[in-house]
Amino acid sequence: MNVPLLDLKRQYKTIKNEIDASVAEVLETQGFKLGPNVARFEELVAEYSGAKRAVGVASGTDALLLALMAYGISDGDEVITTPYTFFATAGSISRSGATPVFVDIDPVSYNMDPAKIEAAITKRTKAIMPIHLYGQCADMDPIMEIAAKHDLVVIEDAAQAIGAEYKGRRAGSLGHMGCFSFFPSKNLGGYGDGGMIVTDNDEKADLLVSLREHGQTELYHHWTIGMNSRLDALQAVVLMVKLGHLDDWSNGRSANAEYYNERFSGSPVMTPHLEEGNRHIYNQYIIRVTDRDGLRAHLKEQGIGNAIYYPLSLHLQKCFASLGYGEGNMPESEKASRETLSIPIFSLLTDAEKDHVATTILEFVNAG
Ligand SMILES: *Cc1c(COP(=O)(O)O)cnc(C)c1O
């Protein structure tokens with residue numbers, strides 16, 4: 001039996017009528033640039049994430065870069081983040097002109113270890129960019145406390161975490177700004193690229209509105225240099241349909257996670273830790289085993305989709321060589337990149353598929 005890591009065609013079948021109708025409407029009007037659909041979707045995302053304002057942009061990566069730009073972060077500044085994340089987190093820090101400063105992760109949550117932040121703060125530090133990796137929020141209370149003490153901005157990389165909760169509050173509204181991605185494989189994924197920034201700060205939100213259109217406030221009048229980074233109206237209508245189903249889908253992922261947790265309990269398979277008081281949206285369900293690469297080969301033989309997020313810690317990437325990090329500097333990130341594996345978790349997995357995934361994994365670890 002073949003089990004894909006993610007099957008978006010299955011999802012499309014369940015919403016095809018709604019999607020096709022809203023896309024057709026945009027095509028009829030030929031209104032592709034911003035407009036009422038983008039504005040409405042921004043309001044819905046602001047409300048959904050418990051923030052005052054939302055600004056739609058062209059991708060999650062742009063959301064991160066524009067958030068940094070909105071706080072004037074640039075050459076000579078430092079931004080603290082972790083090396084165990086998708087490239088865009090550190091990539092956007094570098095693109096802003098600032099230097100990414102890495103702190104290691106907590107090996108249980110895979111998120112930023114707040115105990116390691118203060119040692120990384122210098123006179124140049126301007127911001128902290130925690131990632132809510134795999135769909136569970138970073139430990140934001142201590143992060144916000146440290147930020148307040150040192151007068152730092154906190155920009156959440158919430159690309160994988162729309163709808164995730166930390167002590168009853170939603171991802172994106174926990175820091176000063178939160179960044180979402182609508183890349184197709186995220187829980188709320190568009191049909192192409194898209195992103196959004198949420199914040200309670202009206203002044204910064206207005207600034208972002210200007211920055212996403214070349215720093216203009218009035219057509220062809222530019223008071224600063226921004227970017228071309230708008231959310232397409234076509235993506236907005238697709239995402240609005242999907243937002244109506246998002247909680248069902250995220251809860252379905254959660255139910256699948258509970259199924260796996262039960263199947264793997266008492267085995268050598270380490271399952272994701274769910275911190276008390278959190279809502280995890282399981283953008284990825286990550287297991288951890290010592291012979292990860294052996295397990296991968298076994299899963300491939302059995303037709304089970306899987307992926308490594310992420311195989312090479314960012315502090316060891318060639319493009320960051322000039323930052324001066326080396327092997328052994330971030331031991332928990334490095335170890336996680338050798339031992340973790342993402343397995344199928346999407347909400348429309350069948351019972352037979354889930355059973356096949358769990359059985360195949362247990363076969364391998366119990367034989368080993
Ligand atoms: C997906 C993702 C991004 C970037 O989003 P894009 O929309 O693909 O640009 C940034 N950070 C993390 C952690 C992500 O998973």
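For clarity, every value in this text was computed on a predicted model and none was experimentally measured. Both counts, for ligands and for their atoms, begin at 1 and track the order of listing.
Interface of Thr85 with ligand 1, defined as ligand atoms under 4.0 Å from a residue heavy atom, comprises 13 (C). Remark: ligand 1 atoms within the under-4.0 Å shell around heavy atoms of Thr61 are 4 (C), 5 (O), 6 (P), 9 (O). For ligand 1, the atoms closer than 4.0 angstrom to any heavy atom of Ala88 are 4 (C), 10 (C).
Between Lys186 and ligand 1 there is a heavy-atom distance shorter than 4.0 Å.
In terms of polar-atom proximity, defined here as any N/O pair under 3.5 Å, Phe182 makes no such contact with ligand 1.
For the side-chain contact (heavy atoms from CB on, under 4.5 Å) test with Thr82, the passing option among Asp157, Asp106, Ile131 is Ile131; the others fail.
When every heavy atom of Leu341 is checked against every heavy atom of Arg296, the shortest pair comes out as CD1-CG, 3.5 Å. Here the closest non-hydrogen pair linking Arg230 and Asn228 is NH2-OD1, 3.3 Å.
Between Cys179, Ala159, Ser59, Gly195, it is Ala159 that holds the heavy atom closest to atom 12 (C) of ligand 1.
Closest to atom 11 (N) of ligand 1 among all protein heavy atoms lies Asp157 OD2, 2.8 Å. Nearest protein neighbour of atom 5 (O) of ligand 1, counting heavy atoms only, is Ser181 OG, 3.2 Å.
Using a 3.5 Å distance cut-off with no hydrogens or angles, the side chains of Ser109 and Gln136 do not pair a donor with an acceptor.
At least one test fails for Lys126 against the ring of Tyr71: distance under 6.0 Å to the centre or angle within 45° of the axis.
The 12-atom threshold is not exceeded at CD of Glu47, counting heavy atoms of other residues, nucleotides or ligands nearer than 6.0 Å.
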